[in-house]
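Everything below concerns the one structure shown next.
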Amino acid sequence: MTKEQVIVTAAQMRDIEGRIFAAGMPVAALMEKVARLISDRLQAIIPQGQRVGILVGPGHNGGDALVVARELHFRGYQVWIYQPFSKLKELTSQHFQYAQSLGIPVYQEIEELPSCDFLVDGLFGFGLEREITDSIALAINHFNEWNQPIFSIDLPSGLHTDTGAVLGTAIRANHTFCLGLWKQGLLQEQALEYIGKAELIDFDIPLADIHDVLGNPPKINRITKTTALATLPLPRSPVTHKYKSGHLLLICGSRRYAGGAILTGLGARASGVGMLSIAVPESIKPLLVSHLPEALIIDCPETETGAISHLQLPGKTPLSSFTVIACGPGLTKDATPIVEQVINSEVPLILDADALNILAQLGTISTLQKRKTTTVLTPHTGEFHRLFPDIDFKDRVKAVQTAASQTGAVVLLKGARTAISNPQGVVWINPESTPALARGGSGDVLSGLMGGLLAQVANKQVNIEDVVATAAWWHSQAGILAAEERTELGVDAFTLTQYLMKVVIAI
Ligand SMILES: NC(=O)C1=CN([C@@H]2O[C@H](COP(=O)(O)OP(=O)(O)OC[C@H]3O[C@@H](n4cnc5c(N)ncnc54)[C@H](O)[C@@H]3O)[C@@H](O)[C@H]2O)[C@H](O)CC1
Ligand SMILES: [K+]
């Protein structure tokens, strides 16, 4: 476990911090250490000699900000302080007094503030406990209207540490220095517009304290490059053969949505899976063969509407001969019997897109409870609501945990911060993505990629949710890389498939 992987609530952070203090670390020494690390980062970003406004709150977030003010003052910046509170915590008050004694200008009214090039936000950290109102709310709104970049200490002031909800109003930061461990609120979609670029400032919290408070492994985890790489099927065994590297069956496509089948196939191709079979309606077989010459394309009889009417595997091949089945992209709702058939099989199964809509009609929970082996569901928000109309969606992490526990499936809820839960409530959150992926077909690519990865590790001692998390990470990293080279407008789903390999090569 790495610190980058850990996610904490305010209560857990207080508990961990309490253990450090109880063990003898002086509070003031820790504040000094943390704030100097922040000052070092600021010095690396802000050009020498510029004007920096420091926003100081009543608690220890304000204390951090005051140490930063003092450091930047001595390092040659033109610093002023905005501190509108009448009562400060003791340590904060001492730093305030010392900053004043150094001649750093202090202001209480926003009308008096001189201009500056950068703002540092130390109004509130994880101690914010109620809505921000009155003059402080007005001040925050005022700073948000300035054009200067804002650096927030720990989290943008005004965000709830656990849910990321805006409590009244909140600072819109350009950059957030999260202290010690990632706060849960920073991984919530509603917080994203306030955080800017997020960075962890590691101040050497002992792992033993983290384990004591969160358990080992912790229940809620952040996907990182390290965790993702641990699950990639690399290096391959020198004596592997194609069937040992997994046999994935994709069931996808229709006359109407032929492209979805191609994209799913190209996602699977990038996974490195040993054998790829793709079941499609017979009329689109030639198209699939031309795009995926290495795959075995299984032509199935089709309905009048051009959907697969029933699975016709060559030579009476049983479904059980496949390591994994991924089913859904482009099927249309006319493929209901096929979805029922694969759900009744005992092969590990990924259900996506139309397969999820069909599952919702069949009755999500009652249908899945019958399954004896792994199922992975990959809904976006709309599909999630259709599958689980009774689950409260306010907290996405709780929603995905509930869905997984009710169905016994691993559930991946797509979004700007994709969340994955296993039935026991172990959660992975994908911390990095790009709006470039908000395009038709990018989900099909994920289905194929995930199927291919699962097929390669299905017989090994791995947790399914870890592999699902790796697929989500790989997919989003490909989107990020493609957007860097081609802008956020340049990442169509086909292009995305071409960047999957580049992510692995770049590692
Ligand atoms: N976690 C660590 O190991 C370290 C944390 N540091 C910093 O300390 C803050 C947390 O400090 P704390 O004093 O507990 O809380 P805050 O500074 O966030 O502010 C609490 C302060 O504000 C008052 N308050 C709460 N809500 C409101 C409101 N809506 N309006 C007005 N006032 C409000 C409350 O009564 C308190 O007085 C953490 O984020 C880090 O930045 C350390 O310095 C280093 C180690
Ligand atoms: K803050």
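Counting starts at 1 for both ligands and their atoms, in listed order. For the single chain, residues carry numbers from 1 onward in sequence order.
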### Task
Give, for atom OG1 of T169 and atom CG of N141, the distance between the pair rounded to the nearest 0.5 Å.
3.5 Å

### Query
Between S476 and S433, is there a donor-acceptor pair closer than 3.5 Å when you use the side chain of the first and the backbone of the second?
no

#### Entry: Option nearest atom 27 (C) of ligand 1 (shortest heavy-atom distance, choices F177, F124, F203, F85)
F124

### Message
Can you confirm whether some protein heavy atom lies under 4.0 Å from atom 7 (C) of ligand 1, or whether none does?
### Response
yes

### Within-cut-off N or O pair, F126 and ligand 1, under 3.5 Å
yes

#### Entry: Salt-bridge present (E432, K225; N to O < 4.0 Å)
no

### Message
Nearest 10°: the angle subtended at the K ion (ligand 2) by F124 O and N61 OD1?
### Response
70°

### Min heavy-atom dist R14 to ligand 1 below 4.0 Å
yes

### Subset of ligand 1 atoms that lie under 4.0 Å from at least one heavy atom of E131
29 (N)

### Polar side-chain atom of E145 near backbone of H142 as donor-acceptor pair, under 3.5 Å
no

#### Entry: Spacing of CD belonging to Q83 relative to CG belonging to L123, to within rounding of 0.5 Å
9.5 Å

### Query
Can an N, O or S atom be found in I171 less than 3.4 Å away from the K ion (ligand 2)?
no

## Note on the structure
Under 4.0 Å between heavy atoms, the region of E129 that gets near ligand 1 turns out to be both

#### Entry: Short N or O distance, G125 and ligand 1, threshold 3.5 Å exclusive
yes

## Note on the structure
For M13, the ligand 1 atoms with a heavy-atom partner under 4.0 Å come out as 1 (N), 3 (O)

### Message
Does any part of the side chain of V467, heavy atoms only, come nearer than 4.5 Å to the side chain of M450, both counted from C-beta?
### Response
no

#### Entry: Between N221 and Q5: side-chain donor-acceptor atoms closer than 3.5 Å
yes

### Task
Decide whether the shortest distance between a heavy atom of P58 and an atom of ligand 1 is less than 4.0 Å.
yes

### Summary
heavy-atom search around atom 44 (C) of ligand 1 in the protein gives V34 CG2, 3.8 Å

### Heavy-atom check, side chain of W473 versus side chain of V503, under 4.5 Å
yes

### Query
Once you round to the nearest 0.5 Å, how far does NZ of K219 lie from CG of L214?
12.5 Å

### Message
Please classify the K89 to ligand 1 contact at 4.0 Å (heavy-atom distances, strictly less than): side chain, backbone, both or neither.
### Response
side chain

### Query
Atoms of ligand 1 less than 4.0 Å from L179 heavy atoms?
40 (C), 41 (O)

#### Entry: Opening angle at the K ion (ligand 2) [O, I153; O, D121; to 10 degrees]
90°

### Query
Where is the tightest heavy-atom contact between V68 and S39, given as atom of each residue plus distance?
CA-OG, 3.6 Å

### Query
How far is atom 40 (C) of ligand 1 from its nearest protein heavy atom, and which residue and atom is that?
D64 OD2, 3.3 Å

#### Entry: Pair F143 and Y82, ring centroids less than 6.0 Å apart
yes

### Query
Roughly how far, to the nearest 0.5 Å, is the OG1 atom of T378 from the NZ atom of K414?
4.5 Å

### Summary
among protein heavy atoms, the one nearest atom 17 (O) of ligand 1 is N61 N, 2.9 Å

### Task
Would you kindly specify which portion of L128 sits under 4.0 Å from ligand 1, judged on non-hydrogen atoms: side chain, backbone, both or neither?
both

#### Entry: Qualifying residue, where the test is side-chain contact (heavy atoms from CB on, under 4.5 Å) with F151 and the options are N174, V52, I45, I38
I45

### Message
Does any N or O of ligand 1 fall below 3.5 Å from an N or O anywhere on G127, backbone included?
### Response
yes

### Task
Pick one of side chain, backbone, both or neither for how I136 approaches ligand 1, counting any non-hydrogen atom pair under 4.0 Å.
neither

### Query
Among G59, G18, G62, C178, whose heavy atom sits nearest atom 19 (O) of ligand 1?
G59

### Query
What do we get for D154 next to ligand 1 when only non-hydrogen atoms under 4.0 Å count, side chain, backbone, both or neither?
side chain

#### Entry: Proximal ligand 1 atoms for L30, defined as those under 4.0 Å from one of its heavy atoms
3 (O), 45 (C)

### Atom pair NE2/OG1 of H475 and T418 - distance to nearest 0.5 Å
9.0 Å

